[in-house]
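So the structure is just underneath, and the comments pick up after that.
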Amino acid sequence: MSVPLRDELDDKANRLFAGKVVRKDLVRKVKTGANVPVFVLEFLLGKYCASSDEMAIQMGLGVVNDTLANNYIRADESMKAQSKVKEKGRWTFIDKVKVRLVDSDYWAELSNFGNKFVRIPTEYVRDYERLLTGGIWAQVEMKFEYDEDNKGKNPFRIEKLTPIQIAAFDLGEYQRVRREFTTNEWIDLVLRSMGYEPCDMSRRLKLLFLTRLVPLAERNFNLVELGPRGTGKSYVTQEVSPYTALMTGPTTVANLFGHMGGKSKGLVQIWDVVGFDEVADLEKMPKEVITTMKTYCESGTYQRGQEAAAGEASIAMYGNTNQPIDVMVQTGHLFEPMPAVIRDDMAFIDRLHFYLPGWEIPKMRNDLFTDHYGFVVDYLAEALRDLRRHNFTEIVDRHFSMGSHLVTRDRKAVKKTVSGLMKIIHPHGEAFKEEIAELLDFAMEGRRRVKEQLKKMGSFEYYQTSFSYTDIDSGEERFVGVPEQGGKNMISSDPLAPGSVYSASVGADGTVGMFRIEVSLATGSGKLRLAGGINGATKESINRAFSYMLTRKGELAIAREMDESDLHVEVIDLMHNRAEGEIGVAFFVAAFSALKKAPAIAATLIMGDLSVQGNIKGVRSLVEPLQVGMDNGAKRALIPIENKRNFMEVTADVMEHVDPVFFGDPKTAALKALGLN
């Protein structure tokens, strides 16, 4: 049998964390034949294989396999296990135990032992509240007691219960020994502790994997990860820590937040992380759950009847994407895979602190798993759990100030992400300014991804997404983007065919729309023919502009062309948010371009509307349409002259990338758009 070659990090981990590290290939080896959580396996491996001596490891592995063979009950062996307890009088084994209160008695239910009426001493229920919600894995010493009064009914009794977790954890030692490692060494050690081999990973991929641990380290942290199947999204919540609960379907308010009057606690009060796997399956979840969760995700508090309650559990949501990311970016928004009960609730989405781009994480394959040493996951889980009590959110303020586009909710989200990553990478609270900047950059990107989707949904209040931070010492400002935004340039940098232009407008309800208007000519007698789907304000603005063209075709020098042609008009909704656009000027320019057979200058955005008499109507706001235009590749914008005073409200970032061209009448707009004057 080949033994994995040890490297310097293995030697260092074994020397400084003796007895707290385990070889991860052993975990996979044993895991293949035993359907138990990783922290249960590593509890045993840490107990019997915490050695660097290969002979000792192999002997320990034998003990672990024997323990699992003789003391771990398979689900189909429940009768055999019960018989063993009866014949021997008592027997110790490993199983998952949960407790319920029936009338005035506590009864334990053991998953694989197959008995729902096992007596349990009250002190265990008092000491381990998790027994009452979801249950815990434990070493159980079971006793058989024949009771004459009950004629042998319910003879099983738990004599001793030992939760499978570290008995004692010293955070001071953990923080002190962290100083012996470089940042790169520590990141690699934590990744190996999760079971992954970091050698060939990019720095970015390492940070993405580590972000999955943030809900374990940070209280009330709200994470969403959507990506392809098979990338191990829910692995951390399911396997790494005994302090997490993973939901696999709809749940109730009572289950999540406790019963009215506080007679039983909810999951958010018992667990450190409540995860929702296959989030699309939550479609049938009662609206009341989302409403209560919305309040909880904002403040960590919620109302149950007359009682106000609080919890510290982080919320993690995992879901599958069914389309390539470039398709999702171009045709909709990145929350599309969510159930409608969440997807349509922008206020709930705004409470998410970080959107982890699961499409960047590779599918789990053998070469991604490590054969080296990492922490026993239970030790890492205890460390992260202990760090939850500490607050690293102020560390950003030592060196950086955040830009004006980050509102209070954005700042809170970014600081919580940085705090969580600090606890994972720098648990001693010491990091160089460049290292904090790296985490700040990453945290802003994750929050901006949430904000960008809200913007794509068309809500007026979410349009400030030019996230930035300034170095307090140098005064240098850095803008933070999201990688997938770069690929969605819907405004082509190449000239369009004559008759095609881009436009953007802000609707009466604050929704921002972006459109491509295409006017084509057919032999006819000057009629306007609108494609299906052009309705409301969009249709009215086109009709007004067309009426103006008919009455002024002579002075516009397009009379002959109009008299011999019918105009076919199509308006493509590039944002897919069903916004209605006041796009009269853009239609006028598109029609003029088609009639004159002259294309508009590339990457030009045209704004404004006009009356039947040709009077220009300005846009309600410049900030949002110009921001959307810049994000999608606009380099030049035609703006009504009356909006000139509003141009000072536009961000420096937009001013730098989009050249304003002002106009006061439709003909000037057309000539400037086509570059004819």
Side-chain angles (χ1 to χ4, degrees), residues 324-334 445 448-449 452-453 455-456 463 465-468 479-506 512-520 569-577 579 581 583 585-594 596-608 619 622-640 647 650-663 668-677:
I325 182 59
D326 52 344
V327 174
M328 286 176 66
V329 165
Q330 298 220 18
T331 61
H333 57 77
L334 299 180
E445 179 204 309
R448 178 171 174 176
R449 186 172 287 108
E452 288 288 351
Q453 308 324 305
K455 183 171 81 174
K456 287 184 85 171
Y463 269 82
T465 58
S466 288
F467 282 14
S468 67
F479 285 88
V480 178
V482 285
E484 66 273 8
Q485 289 297 112
K488 75 161 197 187
N489 285 345
M490 291 186 275
I491 294 178
S492 173
S493 56
D494 298 322
L496 295 175
S500 295
V501 301
Y502 295 104
S503 183
S505 75
V506 182
V512 178
M514 192 169 78
F515 313 93
R516 187 171 71 248
I517 295 123
E518 298 179 352
V519 176
S520 56
V569 185
E570 189 165 357
V571 178
I572 293 97
D573 175 6
L574 296 175
M575 303 281 283
H576 297 275
N577 60 3
I583 54 170
V585 175
F587 163 74
F588 176 86
V589 173
F592 195 85
S593 163
K596 290 292 186 186
K597 297 182 173 55
I601 295 171
T604 298
L605 190 70
I606 300 169
M607 291 185 281
V619 290
L622 279 183
V623 176
E624 295 78 17
L626 283 178
Q627 179 74 49
V628 171
M630 183 195 78
D631 290 344
N632 286 283
K635 300 284 186 284
R636 188 168 176 263
L638 260 70
I639 302 169
F647 195 69
V650 175
T651 65
D653 195 26
V654 172
M655 284 186 182
E656 189 180 333
H657 290 92
V658 183
D659 294 331
V661 178
F662 295 100
F663 64 87
T668 303
L671 295 174
K672 286 186 173 183
L674 306 183
L676 297 177
N677 73 329

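Annotation: side chain of L496 is in contact with side chain of Y502 (closest heavy-atom distance under 4.5 Å).
The distance from atom CD1 of I601 to atom OG of S593, rounded to the nearest 0.5 Å, is 11.0 Å. Distance CD1/I572 to CD/E518: 3.5 Å, rounded to 0.5 Å. To the nearest 0.5 angstrom, I517 atom CD1 is 9.5 Å from F587 atom CZ. Summarising the geometry, atom CG belonging to D631 is positioned 10.5 Å from atom NE2 belonging to H657; distances are rounded to the nearest 0.5 Å. Within the model, atoms CD of E624 and CE of M514 stand 14.5 Å from one another, a figure rounded to the nearest 0.5 Å.
Contact record, P495 with A602: N-CB, 3.6 Å, taken as the closest heavy-atom pair. Summarising the geometry of P625 relative to L605, their closest heavy-atom pair is O-CD2, 3.8 Å, with the distance given to 0.1 Å. Closest approach of R449 to V482, counting heavy atoms only: N-CG1, 3.8 Å. Minimum heavy-atom separation, G633 to A603: O-CB, 3.7 Å. For the pair F647 and P660, the tightest heavy-atom approach, listed with the atom from each and the gap, is CZ-CG, 3.5 Å. When all heavy atoms of A594 and V519 are compared, the closest pair comes out as CB-O, 3.7 Å.
With hydrogens and angles ignored, the 3.5 Å screen pairs a side-chain donor or acceptor of K672 with a backbone N or O of F662. Proximity of a side-chain donor or acceptor of S503 to a complementary backbone N or O of I606 within less than 3.5 Å is detected. Side chain of R448 to main chain of V480: a donor-acceptor pair is present (N/O by atom type, distance under 3.5 Å, no hydrogens or angles). A distance-only check finds no donor-acceptor pair linking the side chain of Q453 to the backbone of H333 [under 3.5 Å].
None of V585, V650, L626, V661 except one satisfies the side chain to side chain contact (heavy atoms under 4.5 Å, CB included) rule with I639; the exception is L626.
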### Task
Evaluate side-chain contact (heavy atoms from CB on, under 4.5 Å) for V571 paired with I583, printing each intermediate quantity in order.
CA-CA 10 Å; V571 178; I583 54 170; 4.2 Å; yes
| Taking it one step at a time, do L334 and E452 satisfy side-chain contact (heavy atoms from CB on, under 4.5 Å)? | CA-CA 9 Å; L334 299 180; E452 288 288 351; over 6 Å; no
